[in-house]
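What follows is a set of notes on a single structure, which appears directly below.
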Protein chains: 2
Amino acid sequence: MKRKVTLKQIAKELDVSISTVSKSLRNSPEISEDTRQKVQAFAKLYNYRPNNIALSLKNKKTKTIGIIIPEIVHHFFATVISGIEQVANENGYNVIVCLSDESFDKEVINMEMLANGSIDGFIMSLSKETQLKKDFHHIEEVINQGMPVVMFDRVTNEVLCDKVIIDDQLAAYEAVDFFIKNNFKKIGLVTTVDYVSVGKLRTDGYINALKDHDRTADDAMIVKIEDIENCASKIEKLLQEQKPDAIFAVNELFAVTTIKLANKMGLKVPEDLSVIGFTDGIISQFSTPSISTISQNGIKMGGRAAQMLIERLEMEEENELYRTELIETHLVERESTPTL
Amino acid sequence: MKRKVTLKQIAKELDVSISTVSKSLRNSPEISEDTRQKVQAFAKLYNYRPNNIALSLKNKKTKTIGIIIPEIVHHFFATVISGIEQVANENGYNVIVCLSDESFDKEVINMEMLANGSIDGFIMSLSKETQLKKDFHHIEEVINQGMPVVMFDRVTNEVLCDKVIIDDQLAAYEAVDFFIKNNFKKIGLVTTVDYVSVGKLRTDGYINALKDHDRTADDAMIVKIEDIENCASKIEKLLQEQKPDAIFAVNELFAVTTIKLANKMGLKVPEDLSVIGFTDGIISQFSTPSISTISQNGIKMGGRAAQMLIERLEMEEENELYRTELIETHLVERESTPTL
DNA sequence: TTTCAACACGCAAACGTTTTCGGCAGGCAC
DNA sequence: GTGCCTGCCGAAAACGTTTGCGTGTTGAAA
């Protein structure tokens with residue numbers, strides 16, 4: 001086993017100083033052609049590669065981006081990571097991934113862990129618990145220490161930083177608008193509890209769309225789900241008692257669950273019930289019927305977030321001007337809505 | 001903005017030496033109660049945290065695990081990462097994720113990038129291209145440099161290292177065995193091209209199960225798919241010409257695609273055709289009908305891989321004895337197979 | 001022969017830690 | 001008064017880099 005070779009070892013072997021070796025490898029004109037070639041040959045032979053940690057310490061840059069997300073076993077977040085990783089890689093950055101598991105404490109611990117020099121900046125999406133507690137001091141703190149943060153998807157207005165989101169409210173509006181324009185009468189909503197920021201926005205979009213068409217949003221037509229495991233009865237109740245002809249669900253899990261329950265009750269989708277979901281993930285594509293949905297391009301979102309972070313990292317002067325970028329969405333029509 | 005405070009700054013403020021500060025914070029008995037308290041109070045006030053990079057350089061340990069996988073937008077790999085992250089976190093490790101995108105070159109570049117000090121060890125699954133080329137010198141190299149590697153799922157016998165896999169052949173055998181025991185006559189196989197290691201093993205399991213029951217594996221009953229985008233015609237041909245009553249598919253994408261095509265041809269699942277897939281992912285759970293499948297616990301797989309790696313990292317003496325651990329699988333019966 | 005520039009290289013600091021060792025002062029025993 | 005021990009602290013090395021600056025040697029010009 002041959003261990004990694006260092007400048008010091010090369011210097012010793014060739015009987016020159018460490019600085020000579022370093023300069024030779026970096027093609028400094030200070031060094032004679034002769035020794036330079038000798039050193040380079042030797043370095044190549046022993047496959048010398050500078051130690052990243054030492055470079056990080058010296059340069060005070062790690063070329064590493066920290067990602068903190070609630071879950072990775074979630075297609076949307078996986079696509080975002082994929083987008084981040086791609087852009088990061090193109091720019092010579094690595095990504096280090098931490099999962100908060102929707103827990104405030106884990107989010108805080110992970111941030112503190114990474115903030116102590118391991119990374120140059122954060123890309124994150126808030127955990128549910130953090131959104132519930134509205135406690136963002138851990139984020140404020142790293143920003144105060146001069147470490148840039150880019151938030152995506154689940155963001156908050158209470159923290160000043162770059163953000164990249166979709167227009168959740170508008171997207172939801174468009175889905176409901178689609179229903180209204182196509183003459184659906186009783187449009188139900190399956191959404192999250194209000195403290196989930198994106199859920200709330202999508203709920204607002206639903207309500208506004210109805211209002212703008214002179215309909216009232218009836219609370220009986222709205223189901224707010226806290227826990228996906230125990231949501232069946234609530235959705236069944238909505239389907240049974242209100243007999244909606246269309247359902248807008250704020251994520252694909254809610255959409256597919258609604259469809260499954262409807263099927264069990266003898267309702268055919270899309271004949272008896274039309275469904276539009278949110279997030280164009282695996283489920284929407286492959287379930288039967290495939291689900292019409294608001295596409296939310298995670299790859300693009302992650303890519304933009306990474307770009308914004310890297311731009312800020314490589315700016316000379318600091319800039320207090322924070323941007324919020326919108327990633328466009330659109331309705332993907334599939335089998336769960338009728339072709340008209 | 002207050003930047004991160006260092007030992008040096010504390011030392012200067014309190015007019016003591018750096019070593020005194022360091023020792024005070026680590027509760028060394030060398031330091032008087034008095035100064036110790038003073039230093040600790042000051043450090044707490046300014047929220048001192050040791051710099052990870054400096055510690056890594058000094059200790060020659062980064063407490064970071066490098067993960068290299070073909071894709072993250074793939075439920076199985078996401079669950080594996082989740083499992084790795086959990087165990088890593090419990091042991092004070094972080095994970096840094098790189099994606100090879102199924103490309104040999106990206107796999108090599110990523111490994112070289114991380115091997116230069118950024119991480120303590122690798123957990124990886126081979127890219128398709130690497131499996132095709134059978135070129136593993138990049139892996140041999142990092143192992144030679146004393147950096148432990150744990151491979152999972154897509155592994156190779158040509159590299160000596162710890163591995164964690166499922167018994168792909170046995171699992172496939174059991175799926176086919178299930179069909180045979182339940183009196184299915186014409187059992188088809190939808191699999192990958194042979195160079196994908198796990199695909200080949202599952203194919204072998206299929207063949208062996210047939211042989212053991214005195215049936216011959218007919219090539220006409222086997223479809224080998226290179227590219228999921230252009231597989232429809234091949235599968236349709238199998239369904240049409242051979243009229244199988246059961247299909248074993250080596251992953252869930254193949255399974256759901258087969259079901260969709262069968263539906264299009266007017267075949268009902270499971271009445272006219274039974275299907276068993278592989279990998280208990282989102283698709284299998286939520287498609288209609290839900291798909292019977294061989295469950296492959298990614299969380300457990302990742303967890304075991306992380307344990308093996310960390311054990312090896314924290315061993316004193318080096319140990320050339322490499323283990324291959326098997327994660328058990330089982331058949332999850334759902335709607336795509338008849339209840340008997 | 002002296003002077004000076006160019007050339008080639010080494011020294012040392014710096015990044016932020018931890019830890020070994022040595023030193024200084026005070027107190028105690030003789 | 002001398003010697004020694006102990007308690008407390010600081011200097012310095014080490015991890016692996018990069019880089020500004022100092023220095024010695026060489027050759028040519030004066």
Side-chain angles (χ1 to χ4, degrees), chain A residues 3-40 42-43 46-64 113-120 145-147, chain B residues 3-40 42-43 46-64 113-120 145-147:
Chain A
R3 285 232 108 83
K4 292 243 67 170
V5 59
T6 69
L7 288 185
K8 191 192 276 194
Q9 289 164 32
I10 299 182
K12 199 167 160 191
E13 289 294 318
L14 263 49
D15 205 35
V16 291
S17 77
I18 295 179
S19 26
T20 303
V21 177
S22 174
K23 287 171 187 167
S24 299
L25 294 176
R26 322 200 95 243
N27 286 318
S28 158
E30 271 187 70
I31 304 298
S32 70
E33 186 62 24
D34 222 37
T35 45
R36 207 169 64 194
Q37 297 213 344
K38 201 169 56 181
V39 170
Q40 295 197 352
F42 193 92
Y46 283 87
N47 197 26
Y48 170 79
R49 293 277 181 281
N51 180 301
N52 285 333
I53 297 291
L55 285 180
S56 295
L57 184 59
K58 179 129 193 53
N59 301 333
K60 292 169 151 277
K61 290 198 174 166
T62 61
K63 296 289 254 178
T64 303
M113 195 149 175
L114 294 188
N116 299 318
S118 303
I119 61 166
D120 295 340
Q145 287 172 359
M147 180 166 292
Chain B
R3 284 231 110 82
K4 292 243 70 169
V5 58
T6 68
L7 288 185
K8 190 191 278 193
Q9 289 165 31
I10 299 181
K12 199 166 162 191
E13 288 295 318
L14 263 50
D15 206 36
V16 291
S17 77
I18 296 180
S19 26
T20 302
V21 178
S22 175
K23 288 173 191 168
S24 299
L25 294 175
R26 323 200 94 242
N27 287 316
S28 159
E30 272 187 70
I31 304 297
S32 71
E33 187 61 24
D34 221 36
T35 44
R36 209 169 63 193
Q37 297 213 344
K38 202 170 55 181
V39 171
Q40 294 197 352
F42 193 92
Y46 282 86
N47 196 27
Y48 169 79
R49 293 276 181 284
N51 181 302
N52 285 332
I53 297 292
L55 285 180
S56 295
L57 184 58
K58 179 130 194 51
N59 301 333
K60 292 166 149 279
K61 289 199 177 168
T62 61
K63 297 289 255 177
T64 303
M113 196 151 175
L114 295 188
N116 299 319
S118 302
I119 62 166
D120 295 340
Q145 287 172 359
M147 181 166 291

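The chains referred to below are lettered A, B, ... by the order of the sequence lines, with proteins before strands, and numbering in each begins at 1.
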Counting any heavy atom closer than 4.0 Å, what does S56(B) reach on the DNA or RNA strands: base, sugar-phosphate only, or nothing?
nothing
Taking only the side-chain nitrogens and oxygens of S32(A), find out if one of them lies under 4.0 Å from OP1 or OP2 of dA8(C).
no
How many Å lie between NZ on K60(A) and P on dT17(D), as a whole number?
19 Å
Euclidean distance, atom CD of residue E33(B) to atom P of dT6(D) [Å, nearest integer]
21 Å
What's the closest nucleotide to the side chain of Y48(A) if the choices are dT17(D), dG22(C), dG16(D)?
dT17(D)
Check: N52(B) side chain, L114(A) main-chain N or O, donor-acceptor pair, under 3.5 Å:
no
Look at T35(A) and dC9(C) and indicate whether a side-chain polar atom (N or O) is within less than 4.0 Å of OP1 or OP2.
yes
What is the distance, to the nearest angstrom, from the CG atom on L7(A) to the P atom on dC11(C)?
15 Å
What's the closest nucleotide to the side chain of E30(B) if the choices are dT20(C), dC11(C), dT18(C)?
dT20(C)
Separation of dG20(D) C1' from I18(A) CD1 (nearest whole Å):
16 Å
Tell me, yes or no, whether the heavy-atom count around Y46(B) atom OH, taken from other residues, nucleotides or ligands under 6.0 Å, exceeds 12.
no
Could you grab the distance from atom CG of D15(B) to atom OG1 of T35(B), nearest 0.5 Å is fine?
12.5 Å
With a 4.5 Å heavy-atom cut-off, do M147(B) and D120(B) have their side chains touching?
no
Looking at DNA chain C, which of residues 22-29 of chain B put a heavy atom within less than 4.0 Å of it?
S22(B), K23(B), R26(B)
Can E13(A) and Q9(A) be counted as having a side-chain donor-acceptor contact under 3.5 angstrom?
no
N59(B) CG to dG16(D) P: how many Å, rounded?
12 Å
If you assign R49(B) and V21(A) each to the DNA chain C nucleotide with the nearest heavy atom, which residue ends up on the more 5' nucleotide?
V21(A)
Heavy atoms from other residues, nucleotides or ligands near NZ of K4(A) exceed 12 (cutoff 6.0 Å)
yes
Can any side-chain N or O of N51(A) pair as donor or acceptor with the backbone N or O of I53(A) at less than 3.5 Å?
yes
What nucleotide, of dA11(D), dG16(D), dG16(C), holds the atom closest to the side chain of K58(B)?
dG16(C)
From CG of L57(A) across to C1' of dA14(D) the rounded distance in Å is 12 Å
Over how many whole Å does the gap from L55(B) atom CG to dT18(C) atom P extend?
5 Å
Side-chain atoms of S19(B) come closest, of dT19(C), dG16(C), dC9(C), to dT19(C)
Would you mind reading off the distance between I31(A) atom CD1 and dC11(C) atom P, rounded to a whole angstrom?
13 Å
